[in-house]
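The block underneath contains the structure these notes are about, expressed in structure tokens.
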Protein chains: 2
Amino acid sequence: MTEATTTGADLPRLRELNSLSIVRALRDHPPSTVTELSRRTGLSRPAVDVIAQGLVTDGWASVIEPGASSSVGRPARRYRFRAGAGHVLGVDVGVHKILALLADLDGTIVRSVRHAVDAQAGPAERLAELDAVVTDCLAQAGKTPTDIWAVTVAVTGAVDSTGRTSFFTPLPGWQSVDLTTHLAGRFACPIVIENDCKLAALGEQWQGAATDADDIVYLLAGLRTGAGLIIDGVLRRGFGGAAGEIGALKNVRWLNAPEHLQNCPGVPDSVGPDDAAAWVFNAARDGHKAARTAVNRYVKDLAIGAAALVLTLDPQVVVFGGGFSRSADLVLEPLRRELERLCLRMPEVRASTLGADSVALGALKLSLNEVDQRLFGGGLSAPVAPRR
Amino acid sequence: MTEATTTGADLPRLRELNSLSIVRALRDHPPSTVTELSRRTGLSRPAVDVIAQGLVTDGWASVIEPGASSSVGRPARRYRFRAGAGHVLGVDVGVHKILALLADLDGTIVRSVRHAVDAQAGPAERLAELDAVVTDCLAQAGKTPTDIWAVTVAVTGAVDSTGRTSFFTPLPGWQSVDLTTHLAGRFACPIVIENDCKLAALGEQWQGAATDADDIVYLLAGLRTGAGLIIDGVLRRGFGGAAGEIGALKNVRWLNAPEHLQNCPGVPDSVGPDDAAAWVFNAARDGHKAARTAVNRYVKDLAIGAAALVLTLDPQVVVFGGGFSRSADLVLEPLRRELERLCLRMPEVRASTLGADSVALGALKLSLNEVDQRLFGGGLSAPVAPRR
């Protein structure tokens, strides 16, 4: 972004800035009249009139003519932001599933496609499934890759500056996969690869359990435990993309915490290792003694790592998310008690309201942010997918 | 801060904004001609001329008339920011000493006064010593409280929203001291109370070991261990002021880490408990076996808490500061080795270059930031100490 100055050379750009301020004023509000837009932007009514008509011609806005039923005075036409001018993708590449969400520029989800994938699938097989999910999603929505303005893909493991999970990832053989290059063969728009916990945090801030908060510690609790951090309203990646990886420190007990559930005595042989935790939570709810003990031990260990994050960052809200958040009824109270005991200042502890979808929703939000940055950071021309 | 609009009502404010942009352009540069200021701000030369003369009248700038030795053409007069238009205070209230620094608006230190204080001193005695230090500092500089534009006081312990160390503080009886109200009896300007570790981090970013970094974990290592966090260039307090307090978590071993030094076998009886650590570091340097073991054990424990911070935040730089940083030669290498072992991505580890002064320097910097915010956030009138 450049600073506004008062030299004459900048006048054409100032006109663009006025267009941008109208687009922004349309985007965050219901359909608006020229008078309303004038009041909202501080631009004169004649100026707004000219700019708004230009935005319709260019495809950024559409006109709503006054209905015939309006009879008092001459009703004014209204302008609306054309959210369908562009679309974005948010994709979650998980251990067990791949989920793609397609949304318009308002973030309204147009299509959602989910494929199961084998937890043991190698990189080639997982990439092929990712391609298939994206193909299905676009086809069902009647879109082509050129209609897409930004793509964000969530992967498991900290993402380095090249878009790879070079530090560590539980996805088999995935460590050196160059997903950016793979997707660049298909999409000319910006492509972002990001860690699943970080995106889930963003999702919860956008549409989930923490829309009112700017300082959020998000816990992704499942067969693995991870964290995403939002500080002063902004998702934090850290200097090298590895923020939130407190779980790697043995002392804070996250590495083995889920084993209390998986190794709980009494789990029937018919229940596979991936489903043991769910069985234990259900059994605990029914009063099964060993199951209750296992849940308590799990929560005590979860709380140590959570306390490390809370003591470090002093957030307003801790969001308990991930697969285990379905059992928040069993976890939240003991988790609060442990944090009370361990922390100096107690944050609010809330259950995720988005569950497992928070990751893909966060990916969608990051795509929308990417579009916003290009839109409101640079100039404004007719709607066309930005290129990398 | 308000958004700039194009309505006529804002024109007087725009003129103020132009004055502000000239002040800013003067402040960060050597003495400048009207031509240079015009180029730097984008304002016309005649406009700059008028504004600069107004700033001289109001006391914001001084004129440097061209010297007689300049003979080619007609040399231009230069304008300089009057750093002496106002002054700020940064005070460190420690366990053993109180240090006050007085600086002008450029941050140039005009006076520095240090008094020793008894570690066991109660609140009344410590407050009286604080008042004495401030009185001495002002008197020696020939200033009165009305010359001071901002006061920041560093205390030990997390500082809550009321300026009190209500969570915890090692200063005897200090927990409920209302330092803001105490100082408000003397100073009408803004008064900020802040945690010593946080201010030390700010000091190192301003003038110390991390001036090139935006993501900094600062370790205050001494008889207690604390941390200050700078993320994306900004000092982070957390939602309730308690960020960086990871040391309160028993699992990360900071609480008892210094005991390895204090309880080291072989420390002579003549060495008091406060000086034992220094004796051990010296002995370790001389090859004393038990002392070397004690230092190694200390560093191993220090590294656990440091790793918790690094894994959470993924900083660019870790600064090893506080009293023990005098022995950085013994600590840095083993600390790096431990962090390599424990962390996913390795940050740079550097020794503090400011030592114990970093706290008071950070307090000074926060006072300067406070002045900047009031100056460039609001309007601009003739230099006078802002009131709370």
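Atom set for the values below is all heavy atoms of this structure, side chains included, hydrogens, waters and symmetry mates excluded.
Taking chain B as the reference chain and counting heavy-atom pairs below 4.5 Å, the highest number among V234(A), D214(A), L313(A), D215(A) is found for L313(A). For chain B, the option among A158(A), G240(A), G244(A) with the highest count of heavy-atom pairs below 4.5 Å is G240(A). Residue with the most contacts toward chain B among T312(A), I246(A), D160(A), D232(A): T312(A) (heavy-atom pairs, distance under 4.5 Å).
Contact of R253(B) with chain A is made through the side chain alone, with heavy-atom distances under 4.5 Å. Within the 4.5 angstrom heavy-atom criterion, only side-chain atoms of L229(A), from C-beta onward, approach chain B. Using a 4.5 Å cut-off between heavy atoms, R345(B) touches chain A through backbone and side chain atoms alike. Interface residue N251(B): backbone and side-chain heavy atoms are both found under 4.5 Å from chain A. Heavy-atom distances place both the backbone and the side chain of I304(B) under 4.5 Å from chain A.
Under 4.0 Å is where a charged nitrogen must lie from a carboxylate oxygen, and between E36(B) and R39(B) no such pair does. Residues D28(A) and R40(A) are not paired through a salt bridge, judged by the lack of any N-O separation under 4.0 Å between the basic side chain and the carboxylate.
Without hydrogens or angle criteria, T169(A) side chain to T156(A) main chain gives a donor-acceptor distance under 3.5 Å. Remark: the backbone N or O of A242(B) is paired with a side-chain donor or acceptor of D314(A) at under 3.5 angstrom.
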Please report the C-alpha distance between R164(A) and T162(A) in whole Å, then the side-chain angles of each, then the deciding distance to 0.1 Å, and finally whether the side-chain hydrogen bond (donor to acceptor under 3.5 Å, both in side chains) criterion is met.
-> CA-CA 6 Å; R164(A) 291 180 180 87; T162(A) 72; 3.1 Å; yes

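With no hydrogens or angles considered, no side-chain donor-acceptor pair links N296(A) and K300(A) at under 3.5 Å.
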